[in-house]
Amino acid sequence: ALPISWLNAPLGLVQERFAQKCPSLDWQRDVTEYFKERLKENDSVNWVPSLNDVPLHYLKPNSIVRFRCMVQDMFDPEFYMGVYETVDTCTKARVLHFGKYRDVAECGTNQEIDVDRKS
């Protein structure tokens with residue numbers, strides 16, 4: 001198997017670390033350290049495309065990008081599910097997923113998110 005590209009397919013690498021370390025919270029620290037180390041290598045931060053300079057249609061979906069912005073406080077905060085569980089409606093099989101770094105929860109055919117799950 002080819003190694004997963006940290007630049008073009010970062011969620012695959014996050015998924016690997018999540019699968020190895022979950023349910024402990026170590027997976028988040030491991031992911032942060034992994035990407036910090038990659039960005040220290042050989043001027044690699046310059047390989048990461050900037051949202052400010054590159055048109056969106058040239059960017060690969062779910063790839064790493066950088067951008068320059070202003071941070072401001074919002075009246076209505078946004079929330080994400082750090083970790084969530086899906087249940088297969090046919091087999092009742094349960095699977096943990098990470099929601100961090102994603103805009104939308106991943107839920108396959110015949111799967112429902114268990115909103116009552118206690119972490």
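Quick note: residue numbers are just sequence positions, from 1.
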- request: In sequence, state the C-alpha distance, the side-chain angles, and the governing distance for R29 and D26, and then conclude on side-chain contact (heavy atoms from CB on, under 4.5 Å).
  value: CA-CA 5 Å; R29 182 176 49 244; D26 290 346; 2.6 Å; yes
E85 to L96 - nearest heavy-atom pair and separation: CB-CD2, 3.9 Å
- prompt: Y34 and L13: side-chain contact (heavy atoms from CB on, under 4.5 Å), yes or no, with the steps?
  reply: CA-CA 9 Å; Y34 177 85; L13 291 164; 3.7 Å; yes
- line: Here the gap from L39 atom CG to W47 atom CH2, rounded to the nearest 0.5 Å, amounts to 10.0 Å
message: Would you say that F98 contacts M81 through its side chain, given a criterion of any heavy-atom pair below 4.5 Å between the two side chains?
response: no
- request: State the CZ-NE2 distance between F18 and H97, to the nearest 0.5 angstrom.
  value: 8.0 Å
field: Minimum-distance pair of heavy atoms, taken over all atoms of P10 and S63
entry: CD-CA, 4.0 Å
message: Could you check whether any side-chain heavy atom of W6 comes within less than 4.5 Å of a side-chain heavy atom of V14, counting everything from C-beta outward?
response: no
- prompt: Parallel, tilted or perpendicular: which fits the ring planes of Y101 and W27, with parallel below 30° and perpendicular above 60°?
  reply: perpendicular
- request: Please say which of L7, N8, L11 ends up in a side chain to side chain contact (heavy atoms under 4.5 Å, CB included) with I64.
  value: L7
message: Can a donor-acceptor pair be found, under 3.5 Å and without considering hydrogens, that links the side chain of D43 to the backbone of N46?
response: no
field: Inter-residue atom distance D30.CG - E16.CD, 0.5 Å rounding
entry: 10.5 Å
message: Taking N110's backbone N and O only, do any of them form a donor-acceptor pair with T89's side chain (distance below 3.5 Å, no angle check)?
response: yes
query: Is there a donor-acceptor contact under 3.5 Å from the side chain of N42 to the main chain of S44?
result: no
field: K40 vs R38 side-chain heavy atoms within contact, under 4.5 Å
entry: no
